[in-house]
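Chain letters run A, B, ... following the sequence lines, proteins first and then strands; every chain starts at 1.
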Amino acid sequence: MSTAPVLVPNPLREGLHEERIPEPATMVIFGASGDLTKRKLVPALYSLARDRLLPARFAVVGYARKPIPEDAFRDDMRKGCDEFARRRPVDAELWGTFANHVFYQEGSYDDPAAYAALKTRLEEIEKALGLPGNRVFYLSIPPSSFATVVRHLGASGLTSPADGRFARVIIEKPFGTDLATAQSLNRDIHQTLTEKQIYRIDHYLGKETVQNLLVFRFANGIFEPVWNNRFVDHVQITGAETVGVEGRGGYFEQAGILRDMVQNHLFQVVSLASMEPPISMDPDAVRDEKLKVLKALRTIPPAEMDAHVVRAQYAAGSMAGKKVPGYREETGVSRTSQTETYVAMKFFIDSWRWAGVPFYLRSAKRMPKRVTEIAIHFKEAPHLLFGKRGEGIRPNVLSIRIQPDEGITLNFGSKLPGPAMEVAPVSMEFRYGSSFGVEPPEAYERLILDCLLGDNTLFTRADEVEASWTWISRIHQHWAEQAASGNVQLATYAAGSWGPEPADRLLSADHRAWRRP
Amino acid sequence: MVAAGPAGAQPTVAERFTRGEPIDVELDHIERAFADLWKAASAAGDGAVSRAALWNIVVPTRAQDHERARKMVDELAPLLPARVLVLVEEPEAAHGADADRDEGVRATIESNVVARSSGARVVYSEEITLRGRRGDARFGALVRALQVPGLPTATLWSDATMPEGLLRRQILPETDRLVLDTGLCTRPRQLLEVQRCPELASHDGLPVTDLGWLRLANFRLQFAGLFDAPVGGGPLLAARRVTIRHRASDEPSALLLAAWLASTLGWLFAAAEPAAAGVVGPRFRFDRPALSGGARAAASPGGPVEIALFLSEGECGTSGIGALELETDDPAVRFTVTRTERNHATLTSPIAPPRIVTFDSRRDAELFVTALGPAGRDPLFARCLALAARLATFTATT
């Protein structure tokens with residue numbers, strides 16, 4: 001077939017703008033032999049195809065060092081979809097055609113010849129399947145290989161597409177282990193890629209409730225006027241997991257909960273919950289406002305660090321009626337480990353809106369229940385009219401549950417039925433599961449789709465990453481100094497409890513207490 | 001107050017109510033009956049009952065179509081918490097010719113119950129059925145009185161042959177979104193009646209959408225996707241013939257699909273040839289204007305293009321469409337979307353091997369929920385319906 005030298009725009013796309021269908025493309029997954037590809041990425045792509053959200057012309061190319069026959073790779077991906085895809089059971093007919101567009105390419109991450117071979121393979125696949133050369137490279141590889149892979153992708157011309165085509169790179173967390181490594185990584189990849197080509201993924205941002213923070217705050221007129229230090233007493237953020245290290249002791253020993261949860265996921269939640277209204281929903285407008293929050297985090301002086309940040313490690317305890325070992329007894333964990341599995345902190349955002357409002361954040365493993373939430377605690381009414389009968393009055397709390405059972409709850413006082421003016425706390429609940437009959441997409445589905453559509457609103461920008469590391473690295477530095485001087489302040493808590501006593505003191509010193517989420 | 005009798009009998013009524021059975025109520029006690037029954041249900045059941053509603057939904061229907069409407073409303077409950085007002089127009093015979101024997105409007109209420117998998121929450125939505133004489137002027141006042149305040153109201157006007165006065169004078173003033181269903185049209189000329197509805201709604205600036213239009217979304221999306229890069233819109237500008245294969249009773253859907261193509265591609269209707277005997281359907285000739293300047297001009301020679309409708313014996317899904325094919329002067333250049341079994345379709349184009357994709361056969365309730373979202377504001381629809389109605393005038397009259 002002859003093609004025009006200049007591509008004629010597709011007029012049938014007019015009027016289909018409400019459908020978020022990306023252009024035909026190829027996704028290359030680096031680290032395709034790893035768990036994430038099988039458990040999350042390919043199941044997410046399959047579910048997107050099942051929901052008709054992928055273009056009909058689409059290919060997936062797995063790339064890894066391990067030699068795997070292409071058919072075996074496809075079979076393994078099918079097993080992953082059977083077990084983990086949101087849309088199950090797998091549609092055999094759809095899988096048949098989907099699998100025909102799944103390929104595997106063996107190659108090293110640091111060999112130029114491997115990238116040349118990959119380029120040739122991609123061109124062959126794209127020619128055979130009528131794909132235009134749009135490419136997304138998903139780096140699901142050890143962080144130490146990020147810069148190397150990006151450099152080789154650039155050197156082989158894979159990140160410089162033809163006119164009108166796109167080449168984007170999704171980078172999994174962790175993005176650096178401290179400020180210096182994050183800055184170094186940003187410098188390295190910016191030598192090859194523009195910031196618009198880089199999609200630093202944080203799957204928390206793909207969760208419906210996190211996105212709903214923006215809608216809840218900025219699409220409703222009644223909340224924003226009270227979303228400030230005139231009405232808010234304090235804010236509590238909880239990121240609690242019931243699991244321990246689940247066989248990832250080696251990784252967690254190097255990371256700790258502060259790196260694993262707080263620097264990325266929970267700080268993203270904090271910034272969305274506390275940022276100023278963006279001038280538009282343009283990606284950079286939103287990210288500019290998030291960045292301002294991270295830059296406004298008040299620096300904690302080293303001398304006050306222990307009074308503001310509590311770290312702890314779980315000891316043996318019980319979860320769901322079963323005994324579980326302490327952290328130091330887990331596989332891959334040093335018996336003298338000083339890695340924190342619990343962190344609680346009090347911090348301030350030095351802005352006009354939040355001046356004087358303490359934020360209390362805690363994140364931990366082996367908590368009694370799995371829950372991530374942000375709770376806005378409002379100030380008490382300025383004058384309490386009801387005397388002893390009003391003892392049931394509690395300050396209003398607006399809690400936004402991010403997982404599980406996503407929703408929003410508002411607690412307020414109500415008159416008890418009866419002749420007396422007695423007050424009792426009641427709650428008004430909104431639950432996604434009840435109000436909307438549809439099942440929300442998996443976070444990876446949403447984020448992969450956004451990347452294919454070129455929308456990086458829900459991805460973290462370089463300066464955001466560096467701003468959060470700037471603040472977090474001071475804590476790590478303080479802990480490193482304590483370790484060097486043999487003065488480690490590390491509490492313990494029983495697995496299945498809500499954390500150590502020093503964390504309770506963090507709030508009780510301010511005449512407050514942690515919520516029981 | 002619940003019409004079932006004294007207070008002592010209420011638990012039984014409450015049980016019937018939570019099972020979803022219709023309960024007779026007096027017209028002026030509907031809200032109180034709901035409150036009493038929910039209270040009783042809460043006391044008798046496993047804790048507090050949620051009364052959730054995101055929309056008021058008005059469903060006018062004729063008595064003979066009531067069962068279909070009921071089924072849709074029942075299917076809607078787990079998808080969209082709502083207060084649903086079903087207005088059943090009964091034939092004159094049911095009320096007698098004598099106005100003095102008018103039984104007035106009669107009401108029943110019922111619940112739709114959904115148990116969530118977590119077991120923690122149960123969502124109930126409320127359904128009120130009002131039965132009255134054809135065109136009963138009391139319907140409008142009852143709709144106004146029974147809407148949950150502060151919620152938007154959508155009207156499903158699926159039978160365009162119902163009295164226009166009911167829509168114009170009683171329902172449209174209370175409506176925020178009008179939902180039609182061209183999929184229920186079995187004869188092309190019924191599109192002319194449907195077309196009146198967007199015209200009426202346009203006076204109030206109401207968004208209008210169509211379940212039939214949404215049923216065609218699979219074909220529109222997948223066909224459009226065939227012309228994404230690297231193909232581009234060139235073959236569309238060089239098109240000579242389009243074939244639409246449809247189920248015998250779904251010629252109106254085929255006309256709507258034809259109108260979408262012609263409207264979007266700027267083809268100007270020129271002439272029609274009515275259906276020939278057998279399976280050959282009508283053919284419509286369009287003039288394709290030559291373009292000037294740019295890449296489009298090079299690919300667009302102008303000239304005639306034909307859209308031909310054929311009956312299909314194959315799988316046509318809920319849209320009624322079996323296949324959409326486009327040919328250019330070059331016989332090797334052919335693009336097709338063909339519906340296959342079990343909600344799949346095969347896509348073919350000259351540049352890639354055939355590919356199977358999933359199609360849906362969404363139930364009316366699912367489509368209705370979609371219609372209340374952004375897809376319910378598709379500005380293309382009214383334009384395409386107008387053209388489809390014009391094409392319908394050239395089809396057979398029966």
Interface residue of largest heavy-atom contact number with chain A, from B:L221, B:V357, B:L347, B:L380, under 4.5 Å: B:L221

Greatest number of heavy atom pairs closer than 4.5 Å to chain A - which of B:T264, B:L236, B:D228: B:D228

Kindly compute the distance separating [atom1] ([X]) from [atom2] ([Y]), expressed to the nearest 0.5 Å.
X: B:I351; Y: A:R57; atom1: CD1; atom2: CZ; answer: 4.0 Å
X: A:I21; Y: B:Q222; atom1: CD1; atom2: CD; answer: 7.0 Å
X: B:H344; Y: A:D91; atom1: NE2; atom2: CG; answer: 3.0 Å

Grab the two heavy atoms, one from [X] and one from [Y], that are nearest each other, plus how far apart they are.
X: B:G233; Y: A:P11; result: CA-CD, 3.9 Å
X: A:G130; Y: B:P230; result: O-CD, 3.2 Å
X: B:G234; Y: A:V8; result: N-CB, 3.7 Å

Given that the side chain runs from C-beta out, which part of [X] has a heavy atom under 4.5 Å from chain B: side chain, backbone, both or neither?
X: A:A128; answer: backbone
X: A:L129; answer: both
X: A:L54; answer: neither

Note, B:T358 side chain near A:D51 side chain (heavy atom, < 4.5 Å):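 When only atoms from C-beta onward are counted, A:D51 and B:T358 do not touch, as no gap falls below 4.5 Å.
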
Residues in side chain to side chain donor-acceptor pair (under 3.5 Å) contact with A:Q211, at least two apart in sequence or another chain: A:R446

Partners passing side chain to side chain donor-acceptor pair (under 3.5 Å) against B:T370 (at least two apart in sequence or in another chain):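 So B:T370 forms a side chain to side chain donor-acceptor pair (under 3.5 Å) with B:R362.
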
Chi angles and distances behind the side-chain contact (heavy atoms from CB on, under 4.5 Å) call for B:D360, A:R52: CA-CA 9 Å; B:D360 63 29; A:R52 300 170 298 278; 3.0 Å; yes

Greater than 12 external heavy atoms within 6.0 Å of A:E70's CD: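 Yes, enclosed.
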
A:K196, NZ: over 12 other non-hydrogen atoms inside 6.0 angstrom: no

B:A229 versus chain A, the contacting section by heavy-atom distance below 4.5 Å: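 For B:A229, heavy atoms of backbone and side chain both lie under 4.5 Å from chain A.
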
Which portion of B:R377 sits near chain A, non-hydrogen atoms under 4.5 angstrom: neither

Check against side-chain contact (heavy atoms from CB on, under 4.5 Å), A:L12 and B:R220: CA-CA 8 Å; A:L12 292 181; B:R220 291 189 286 126; over 6 Å; no

